[in-house]
Amino acid sequence: MEIKKVKRSEDYSAWYNNLVKNADLAEHSAVKGCMVIKPYGYAIWEKMQAELDRRFKETGHQNAYFPLFVPKSLFEAEEKNAEGFAKECAVVTHYRLKTDPANPGKLMVDPEAKLEEELVVRPTSEAIIWNTYRDWIQSYRDLPILINQWANVVRWEMRTRLFLRTAEFLWQEGHTAHATKEEALAETKQMLEVYADFAENVLAVPVIKGVKTENERFAGADETYCIEGLMQDGKALQMGTSHFLGQNFAKAFEVKYVTKENKQEYVWATSWGVSTRLMGALIMSHSDDEGLVLPPNLAPIQIVIVPIYRKDEEKVLVIEKARAIQQLLRAKNISVKLDDRDNMTPGFKFAEYELKGVPVRIAIGPRDLQNGTVEVARRDTKEKQVMSMIDLEHKMEHLLTQIQSNLYQRALDFRDEHITAVNSWEEFKNVLENKTGFISAHWDGTGETEQKIKEETKATIRCIPLNNMEEKGTCVYSGKPSSQRVLFAKAY
RNA sequence: CGGGGUGUAGCGUAGCCUGGUAUCGCGCCACAUUUGGGAUGUGGAGGUCGUAGGUUCAAAUCCUGCCACCCCGACCA
């Protein structure tokens, strides 16, 4: 395959698209707006799933599965939710095709097979799930319900981008039911912490935890908490949301429980999700002109061993040693690939594994056999060093840890350098255009101001950070009084 | 939905203006020499030129319709 190289600094969007294709993560499919996730990309997603799933279970959740289709009458029950998603829903109206009498060999929708009630392909599952929870909940003893589902959802977007916004995407959605508001709120915040921990410690992407403004809130939620990341091009990316749904869905679906005191009460709800969009976050946080850069905690291959040899007898010895190293590292639970393909030169392989983001490469040749060494190259810094084979497994364990934290630190430094406090509208526009990143500014708290800023600059309020300090000031746009700064940015 | 673009071998492309049966690179197959940063040589295989129609002796090329996808905007996770 010939690799078309696009520099990150020249055309970020083209660089991103090329990287996704060249690193073999995903490609466009025959269906508009839908992607094929290729095995290497899917392997990374599976590692994300495994890490998240473990955390969900550790916090008491169970997995279940609900239908892809939502009858329209259920979908419209919670009005705000329905309205918010209405314009991007795929709808099933028929259940059968038939051969087209006018067009031999072609099929047509059978007009006889019209559904009595249309089925909405879920853009999110609150409706079908809360309709089910009604039957599951009678008493306070049935609460809480702590369920997560791994699923695909469809949102018919006008414009799509691989991983960041596709018409169909994979995600997990947690849906919990609680007896009290306090408990539901605690759940909402707990899951936000789970997401933040995952983003920072697994993806090595620093995030800001915050609350959305009313304009940006999930349709049907009383409060939306989020984690926001900053990509290398200075644009923000919403990486996960955790919603406090209040009693909105309980009321829409008549989900009540009996308290200890024998009183009927509506149930309190949360929902929370992250999607394959995280793949986009991963790519846009660490990768470079040579290709993908993966944090060791997510890399399907953590270390690749490339053998080097000339003659057959060298090959035998080198491969033998390489296998021994592989065993040694595997015993330490490191995922190691030995690339013994004979029809590629080492140089080709080096480039290929860089493109695929493998964190560490070990090259071993006859010279190393003589000296008892290997050449170790790290993807994040592109440093190479020859090191002794003695205690190699511990050195590699340590190196992987180091790479993980270096990637995080690098992303954190970048992010922190790109949070700029501004106090005037001129400054606001200037920073947004020239420096990019997050802008910390006073805001008068009104949706109108937020809307106007968006229209004039395309920047939105990403969140009101959770650890925000009270600070008196005046709104950067309207000049009205404000009690705290919020974070603005252009976003994906 | 507006604007722009593309559709030619597995991938990336030339040819289209000015019509004559398709160019080049990568990849693929075989053999040999190679292998410490994207190897080299020799030989080979691979094409309904997106689709339907029209003009013409002749269409990848001109005309008309259709389809698909991509990019930029508005919308959105």
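- Taking the ring centroids of A:Phe249 and A:Trp268, they lie at or beyond the 6.0 Å cut-off.
- For B:rC31, the paired base is B:rG41 (Watson-Crick or G-U wobble, both distances below 3.5 Å).
- Listed pair A:Arg367 / B:rG36 fails the phosphate criterion, with no side-chain N or O lying under 4.0 Å from OP1 or OP2.
- For B:rG36, there is no paired base (Watson-Crick or G-U wobble, both distances below 3.5 Å).
- Nucleotides B:rU13 and B:rC26 are separated by 16 Å at their P atoms, to the nearest Å.
- Contact annotation: side chain of A:Glu354 to base of B:rG37, donor-acceptor pair present below 3.5 Å.
- A 3.5 Å limit on both hydrogen-bonding distances identifies B:rC57 as the Watson-Crick or G-U partner of B:rG20.
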Nucleotides 71-73 of chain B: which of its N/O atoms have a protein N/O under 3.5 Å away?
residue	atom	partner	partner atom	Å
B:rC71	OP1	A:Asn17	ND2	3.4
B:rC72	OP1	A:Ser13	OG	2.9
B:rC72	OP2	A:Arg159	NH1	2.7
B:rC72	OP2	A:Arg159	NH2	2.1
B:rC72	O5'	A:Arg159	NH2	3.2

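- Rounded to the nearest Å, the gap between the C1' atom of B:rC62 and that of B:rG19 is 8 Å.
- A:Glu314 comes within 4.0 angstrom of nothing in the nucleic acid, heavy atoms only.
- With hydrogens and angles ignored, a donor-acceptor pair closer than 3.5 Å exists between the side chain of A:Arg361 and the base of B:rG37.
- Checked by atom type, the side-chain pair A:Tyr309/A:Asp342 shows a donor-acceptor distance below 3.5 Å.
- Base contact: A:Phe169 has a heavy atom under 4.0 Å from a base atom.
- Contact check, A:Thr345 against B:rU35: no side-chain N or O comes under 4.0 Å of OP1 or OP2.
- Looking at heavy-atom distances under 4.0 Å, A:Leu164 makes contact with a base.
- Within the nucleic acid shown, A:Lys87 comes within 4.0 Å of sugar-phosphate atoms alone, with no base atom in reach, counting heavy atoms only.
- If you check every strand for non-hydrogen atoms under 4.0 Å, A:Glu88 touches sugar and phosphate atoms only.
- Taking atom C1' in both B:rU8 and B:rC69, the straight-line distance is 16 Å, to the nearest Å.
- Base pairing analysis places B:rG46 opposite nothing; no Watson-Crick or G-U wobble pair with both distances below 3.5 Å involves it.
- Both tests do not hold together for A:Lys209 against A:Tyr225: distance to the six-membered ring centre under 6.0 Å, angle to the ring axis within 45°.
- Aromatic rings of A:Tyr16 and A:Phe163 (six-membered ring for Trp) have centroids beyond the 6.0 Å cut-off, not under it.
- Each of A:Thr224, A:Asn248, A:Thr124 was checked for a side-chain hydrogen bond (donor to acceptor under 3.5 Å, both in side chains) with A:His243, and the lone residue meeting it is A:Thr224.
- Cation-pi geometry between A:Arg155 and A:Phe169 is not met: the NZ or CZ atom fails to fall both under 6.0 Å from the ring centre and inside 45° of the normal.
- Under the Watson-Crick or G-U wobble criterion, with both distances below 3.5 Å, B:rG73 is paired with B:rC1.
- Ionic pairing of A:Glu290 and A:Arg8 is not present here: no N-O contact between side-chain nitrogen and carboxylate oxygen is shorter than 4.0 angstrom.
- Note on A:Lys382: nothing from the nucleic acid sits closer than 4.0 angstrom, heavy atoms only.
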